[in-house]
Amino acid sequence: MNVNDSESLNDVAGLGNQSLFDRAKKLIPGGVNSPVRAFGSVGGTPRFIRSAKGCRILDEDNREYIDFVGSWGPMILGHAHPEILEAIARTAVHGTSFGAPTAAEVEIAELIVDMVPSAEMARLTSSGTEATMSALRLARGITGRSLFIKFEGCYHGHGDSFLVAAGSGAATHGHPSSPGVPEATANLTLVAPFNDLAAVESLMQEHGSDVAAIFVEPIAGNMGCVPPVEGFLEGLRALCDKHGSLLVFDEVMTGFRVSPQCAQGLLGVTPDLTTLGKIVGGGMPMGVVCGPQKYMEHFSPTGAVYQAGTLSGNPLSVAAGIALLKRLHSDSDEIYNTLDQRSAQLHQLWKEALDQHGIPHSWHRVGSMFGLFFTAKTVNNFHDASQGDVELFKKFFHGLLAEGVAIAPSSYEAGFVSLAHTAEDIEFTAEAIGKLKL
Ligand SMILES: *Cc1c(COP(=O)(O)O)cnc(C)c1O
């Protein structure tokens, strides 16, 4: 193991996870800056991470874990990759933010346009949330329409319009899923079950001429990993064309994860607008809206749809993103083949280990993105995903953590294999599952 050489990085380090969490809870709501990190759905004490390298993370109790979270996706080459660190360090000495255009922004836009099939232009933001909010405003601005459709179990960041649950019964208009989201805002969001083309068809029949966009994760990654059934994305494309609505692929998770051309390249369906995040910033804060020039030029200043950001196109984020995208672009065959092999190995060995325990489960895997569900039924939508055995997941999660393997602390999250996971690392994690008392 190789990350145990880092020193305490600041004066609260060395306290241990539990005392840090106690202290954090007095200073930060729930002790965390993003809710899932608090271990709310699995219980116990969140691991405070001191450092990471390759596929391993080290916590403040000095314990190491093989990590399948990968900062929720960006760490496709592994943590603290030397080329990315070098790019950040090389850039930082020249200044960390100018609030003015830079040469590197042109370079990353070129890379994005080269790699993402539907992209002719790109606008950079500081997070995935900002990218989806901006894409929604753009779609509304272009079409002059207010409604949009999203799918139950798909996550598009924490913008008001997206924090919406399906209406009950025959109601088609959504309701706020969080206090603070106005009913009036949620009413403009229509919610359908993922993979249910008939439901979208009937929404479009009724509301099509008022629907600005259909937003979808082309491979859902925020209810575990749930791929589209055959014809689903093609059907959405056709419905958007028929009704003059825009098809928006939220590829914040799938972008450069499932293929160097993102999910749209892998699946052969072309959206009107695409949002990116996570990998595109190389582990630094960044999001992107991209698409054809005829749509993108509706953004200010060429167009009237306002969109801005003090730190948008931040030099450090852009440098990290360029370093990562260049690697993924130039060595794509080798990288994505290796990721696929390692992930197939993980799938097979974990499945064998779970079968030995006699535990009913089902899997989805697209390249290095996977979803493991503790239900025997095939999972095609949020309802299916919610049938998983929650108590079993908690035992599985904490058992693995005790064996030195970290998966996401929620059964609704996808897992990620990185290029830094070796065949031996994967064998180690399968043996860990074998040792669990489930
Ligand atoms: C993570 C994610 C977001 C939100 O991105 P943030 O950078 O966390 O704001 C949006 N959409 C999808 C599909 C995501 O996975």
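All ligand and atom numbering here is 1-based and tracks the order in the structure.
With sequence neighbours left out, the side-chain contact (heavy atoms from CB on, under 4.5 Å) criterion links F393 to V42, F374, F397, I407, S411. Checked against salt bridge (Lys or Arg N to Asp or Glu O under 4.0 Å), K326 has the following partners two or more places apart in sequence or in another chain: E107. The side-chain contact (heavy atoms from CB on, under 4.5 Å) search around T302 returns E297, not counting sequence neighbours.
Contact check on E391 versus K394 returns a salt bridge, with a Lys/Arg side-chain nitrogen under 4.0 Å from an Asp/Glu carboxylate oxygen. Ionic pairing of K26 and D22 is not present here: no N-O contact between side-chain nitrogen and carboxylate oxygen is shorter than 4.0 angstrom.
With ring centers used as reference points, F382 lies 6.0 Å or more from F151.
Using a 4.0 Å heavy-atom criterion, the residues that approach ligand 1 are S127, G128, T129, Y155, H156, G157, E217, N222, D250, V252, M253, K278.
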